[in-house]
Amino acid sequence: MPEISRFKEDKHMYVVNGVAYADDLKADAEIEDFKILDRLYMLVTFSGGEKRIFDVEPLLQYPAYRELEKQEVFDTARLNGGTITWLNGAIDISPEKVYEISYPYEG
């Protein structure tokens, strides 16, 4: 039986056997492109055309994302099926969560 728990700080995320998942889907939330801007910051383009700034730092409190603090790991980011992954898929985050914790890009 899988071990399932909710993130205390985020009612829209849950963990199954140590892997974090979002439970709410948003329209046009698939990621089409991203660009690393600076340490732990990305400019993300969603399928609806909206661009948002994604700051990874708040995720570092969770064990699954701690490796992203290392620039050489953060720089391994790739787009895989509308999802950002790192370390050849060993670390990933749902597009819905990226959207939720990012903020609009005014540029």
**Q.** Shortest non-hydrogen contact from Tyr65 toward Ile91
**A.** CD2-CG2, 3.8 Å

Q | Side-chain heavy atoms of Ile93 within contact of Trp86, under 4.5 Å | A | yes

Q: With rounding to the nearest 0.5 Å, note down the distance linking CD1 in Ile36 to CE in Met42.
A: 4.5 Å

Q) Taking all atoms of both residues into account, what is the closest heavy-atom pair of Leu40 and Leu68, and its distance? A) CD2-O, 3.3 Å

Show every donor-acceptor pair shorter than 3.5 Å between a side-chain atom in residues 75-85 and any protein atom, with sequence neighbours excluded, or say none if there are none.
unit_1 : atom_1 : unit_2 : atom_2 : d
Asp75  : OD1    : Gln71  : NE2    : 2.7
Thr76  : OG1    : Val73  : O      : 2.6
Thr76  : OG1    : Leu87  : N      : 2.9

Q.
Contact between Leu43 and Ile53 at the side-chain level, heavy atoms closer than 4.5 Å - yes or no?
A. yes

Q. Out of curiosity, Ser102 OG to Phe46 CZ, how far, rounded to the nearest 0.5 Å?
A. 4.5 Å

(Q) Please say yes or no: joined through hydrophobic side-chain contacts below 4.5 Å, possibly via intermediate residues, are Tyr105 and Ile101 part of one cluster? (A) no

Q | Distance-minimising heavy-atom pair for Gln61 and Pro58 | A | NE2-O, 3.0 Å

Q: Indicate yes or no: does Glu67 engage Lys70 in a salt bridge with an N to O separation below 4.0 Å.
A: yes

Q. Do Tyr103 and Phe34 belong to the same hydrophobic cluster, where Ile, Leu, Val, Met, Phe, Trp and Tyr are linked whenever their side-chain heavy atoms lie under 4.5 Å apart, directly or via other members?
A. no

**Q.** Pairs satisfying salt bridge (charged side-chain N to carboxylate O under 4.0 Å, His left out), at least one member in residues 40-59, at least two apart
**A.** Glu50-Arg52

Q: Please check if atom CZ in Phe74 has more than 12 non-hydrogen atoms from other residues, nucleotides or ligands closer than 6.0 Å.
A: yes

